[in-house]
There are 2 protein chains.
Amino acid sequence: MKRITIYDVAKEADVSLATVSRVINDSNVVREDTRIRVQKAIEKLGYKPNAIAQGLALSKTTTVSIVMGEKMFPYHAKILNGLMDVAKIYNYNIMFHTTSKGISRMQDVIESIIKSRVDGVILFNDNFSEDELEVLNEYQIPMVIVGSKIPETNIANVGNVYLDFEQMAYDLVNACFDKGVEDIALVEDKLNLSMMEQLKNGIDKAFEEKGKKFEKYISYDDSYKSSYVFLTEHFKKMKPSQMVITLRDSQAIAVLNASIEAGYKVPDDYELICILNNKYLNMVRPHISSYNIPEYDMGAVAMRLLTKMLVEDKDKRQPLNKQIEMTYSFLKRASVK
Amino acid sequence: MKRITIYDVAKEADVSLATVSRVINDSNVVREDTRIRVQKAIEKLGYKPNAIAQGLALSKTTTVSIVMGEKMFPYHAKILNGLMDVAKIYNYNIMFHTTSKGISRMQDVIESIIKSRVDGVILFNDNFSEDELEVLNEYQIPMVIVGSKIPETNIANVGNVYLDFEQMAYDLVNACFDKGVEDIALVEDKLNLSMMEQLKNGIDKAFEEKGKKFEKYISYDDSYKSSYVFLTEHFKKMKPSQMVITLRDSQAIAVLNASIEAGYKVPDDYELICILNNKYLNMVRPHISSYNIPEYDMGAVAMRLLTKMLVEDKDKRQPLNKQIEMTYSFLKRASVK
DNA sequence: TTGTACGCGTTATCAC
DNA sequence: GTGATAACGCGTACAA
């Protein structure tokens, strides 16, 4: 079966291809009866415009790339839903790229993004360097980084939709101080080191202001099969801090299980908070406290920001605010007093 | 900054664009010194071939679409990893589409797949009808369906990488019968009705062969906030079956929590199995038994099959086996005796 | 080995 | 309102 083109439709409807093109693109200069004739021809032949040819002719692909660490999949699910839903509204196609840790595959991803001539890029703040942003910037590809706050940069055309995790941690620690809780631990998550750093910065700052030094950053090397295995050992030797903070459910539940099996009780012996919320925190006993993060909205806002950036050139009325901070709230559950 | 094209490179290297094209595509007919000259020009100008134009010239986009239900993201993460890794090996780009339940957005997805002129499609066996496959087939788009077994179809160009969930359930129930366990329940999962049906078919078949009828299909309507809420009520009124089977972790953990809180003990009072494995099954107590499903491999095999199908026309040596059944094994954990 | 010219399927700018 | 025709950027027979 021959791929049918705009020429075939033109012949079938006995018009020129220009007219067919007009019908496709809803140009209102075409007479009603010819429009109908063309529509019928399109129907009859099952014609679908070739987006590739359109892309070439318009220098616009109506496609945006999304780049995500391959292990972050389950954790970014809701953000992705937000991204996809808004993309659908604006009729954007999505090219999806994953980066694997270790070997810097980010280079390859960037390469294919540039070759694909996508109109814009959404980056998760997992794993990329400023240099890599610089490359995308040279090729004039607008991008939005979603997740955590990125450092000040002089790269143009970069948006950022974020939560201020540093502030979150800072406030949390100060709230602890107010309650007289000063023995605070933070469990490392190797999957998202940039977020860990921001949390740690916030905690450090709070401690410093108190004239103290934060020293309970719980880290472990890869020789442990899992954080649970490590923590089981850990709690044999020492008791949990008064307040234990983790980033993801896995670490939180590992802390909970390991400590319970070591004879500790939550929240009587210590309190536990997991920064990133998900349903599993409610499936364990006691339920683990967390933060209500507007994940879906972050995705939706990020994609909407990107679409705005894509039309910014043509539509230079007012400067676009490209730094959007999202808000959160604390979800108090049984794991804290 | 002007988008630089193959012409710019040609001028810079003082050759024709044909030669540049040859260098890009590793044609070995080009002399070494001119190749180097061209390479240098490419470097200097930062030229990246326009994949859109290539796609138009070659009628080939080197892109495949992946279609998935938007809620299935966390559950298909590993399959997706397999898909992405193999796609990367073959240098395929990925267009990502999600379908939402309710309003049949699948139509829109198919529309954009056709327009995009992707070379092939990977479909998760979540939510699509035979009619929709038929449309893709009319447009000659090779596709591979991954997940569960699809019914016999006379649609050409369809591959299937699957687990035989019906057989799995059938074998499981018979194993129960052998142990004298005949009171078996299956908890519904509305997120994946096609898999549920296959499981139910297997159970029905085993019961029928025993001259009995399977009647404990535990279903609940959407008025319940969650399966946990429903099950909490449920176990107040009746005790768990000897063997409870669920599809996903959420239901399994809901059963576990609700039953424990109702005073039952696992596996003493009843046994529990969750078909789809994941790490959370090991985070609850007791650990929930499950099946070891080669998810990553399913993705990898599916993508590899698709790439083979894409070159099949040119390379018609032997018929390709497009029905690939994957194997699984039982993961016995503390939730069974 | 290299260059010329055409085709890939559209959109947009002209004329008419 | 409609129809030629030149882009868009590249691959590739064919010619040189």
Side-chain angles (χ1 to χ4, degrees), chain A residues 1-39 41-42 45-63 93 112 114-119 139 314, chain B residues 1-39 41-42 45-63 112 114-119 139-140 314:
Chain A
M1 177 179 126
K2 176 179 170 294
R3 295 265 187 199
I4 77 131
T5 75
I6 199 168
Y7 288 96
D8 303 316
V9 177
K11 193 186 294 175
E12 175 73 25
D14 198 33
V15 293
S16 81
L17 74 168
T19 302
V20 178
S21 179
R22 289 185 187 107
V23 171
I24 295 168
N25 298 297
D26 283 330
S27 165
N28 46 9
V29 300
V30 53
R31 213 196 307 142
E32 191 55 23
D33 58 327
T34 71
R35 146 170 278 119
I36 292 172
R37 202 145 38 94
V38 172
Q39 287 287 18
I42 289 175
L45 301 177
Y47 167 72
K48 306 279 182 192
N50 183 330
I52 299 299
Q54 288 179 321
L56 188 59
L58 293 173
S59 301
K60 180 177 186 318
T61 51
T62 328
T63 299
N93 291 313
S112 77
I114 294 170
K115 288 183 181 171
S116 304
R117 299 296 195 269
V118 296
D119 298 332
Y139 285 89
K314 305 151 196 169
Chain B
M1 178 179 124
K2 177 182 170 294
R3 294 261 189 200
I4 76 130
T5 75
I6 199 168
Y7 289 96
D8 303 317
V9 177
K11 193 185 293 176
E12 175 74 26
D14 199 32
V15 293
S16 80
L17 74 168
T19 303
V20 178
S21 177
R22 290 186 188 104
V23 171
I24 295 168
N25 298 298
D26 282 330
S27 166
N28 46 10
V29 300
V30 52
R31 212 196 307 142
E32 191 57 23
D33 58 328
T34 70
R35 146 170 277 116
I36 291 172
R37 202 146 37 93
V38 171
Q39 288 286 16
I42 289 176
L45 300 178
Y47 168 71
K48 306 279 180 194
N50 183 329
I52 299 301
Q54 288 179 321
L56 189 58
L58 293 173
S59 300
K60 181 179 184 316
T61 52
T62 329
T63 300
S112 78
I114 294 170
K115 287 183 181 171
S116 305
R117 298 297 193 267
V118 296
D119 298 332
Y139 285 89
Q140 318 239 70
K314 303 149 195 169

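All of these numbers come straight from a predicted model, not from anything done at the bench. Every chain is numbered from 1, with letters handed out A, B, ... down the list of sequences.
For A:K60 and D:dG9, the NZ to P distance is 16 Å, given to the nearest whole Å. As rounded to whole Å, 13 Å separates atom C1' of D:dA6 from atom CG of A:L56. For the pair A:R37 CZ and D:dG1 P, the interatomic distance rounds to 15 Å; values are reported in whole Å.
Residues A:V30 and A:T34 share a closest heavy-atom pair of CG2-OG1, 3.1 Å. When all heavy atoms of A:V118 and A:T61 are compared, the closest pair comes out as CA-OG1, 3.4 Å.
Taking a 6.0 Å sphere around CG of B:N25, one finds it holds more than 12 heavy atoms contributed by other residues, nucleotides or ligands.
Residue A:V29 is classed as a base contact, given a heavy-atom separation below 4.0 Å to a base.
A:R35 CZ to A:R22 CZ: the interatomic distance, rounded to the nearest 0.5 Å, is 11.5 Å. Once rounded to the nearest 0.5 Å, the distance linking OG of A:S116 with CD of B:Q54 reads 10.0 Å.
The side-chain heavy atoms of B:D8 and B:T5, taken from C-beta on, include a pair separated by under 4.5 Å. Within the 4.5 Å cutoff, no side-chain heavy atoms of B:V23 are placed close to those of B:V9.
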So what does the secondary structure string of DNA chain C come out as, 5' to 3', with Watson-Crick or wobble pairs under 3.5 angstrom, [ ] for crossing and | for pairs with another strand?
||||||||||||||||
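Under a 3.5 Å cut-off, the side chain of A:Y139 and the backbone N or O of B:G46 do form a donor-acceptor pair.
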Polar atoms only, N or O, under 3.5 Å: list the protein pairs with nucleotides 10-13 of chain D and their distances.
from   : atom 1 : to    : atom 2 : distance (Å)
D:dC10 : OP1    : B:Y47 : OH     : 2.5
D:dC10 : OP1    : B:N50 : N      : 3.0
D:dC10 : OP2    : B:I6  : N      : 2.5
D:dG11 : OP1    : B:N25 : OD1    : 3.4
D:dG11 : OP1    : B:N25 : ND2    : 3.1
D:dG11 : OP1    : B:Q54 : NE2    : 2.8
D:dG11 : OP2    : B:S21 : OG     : 2.7

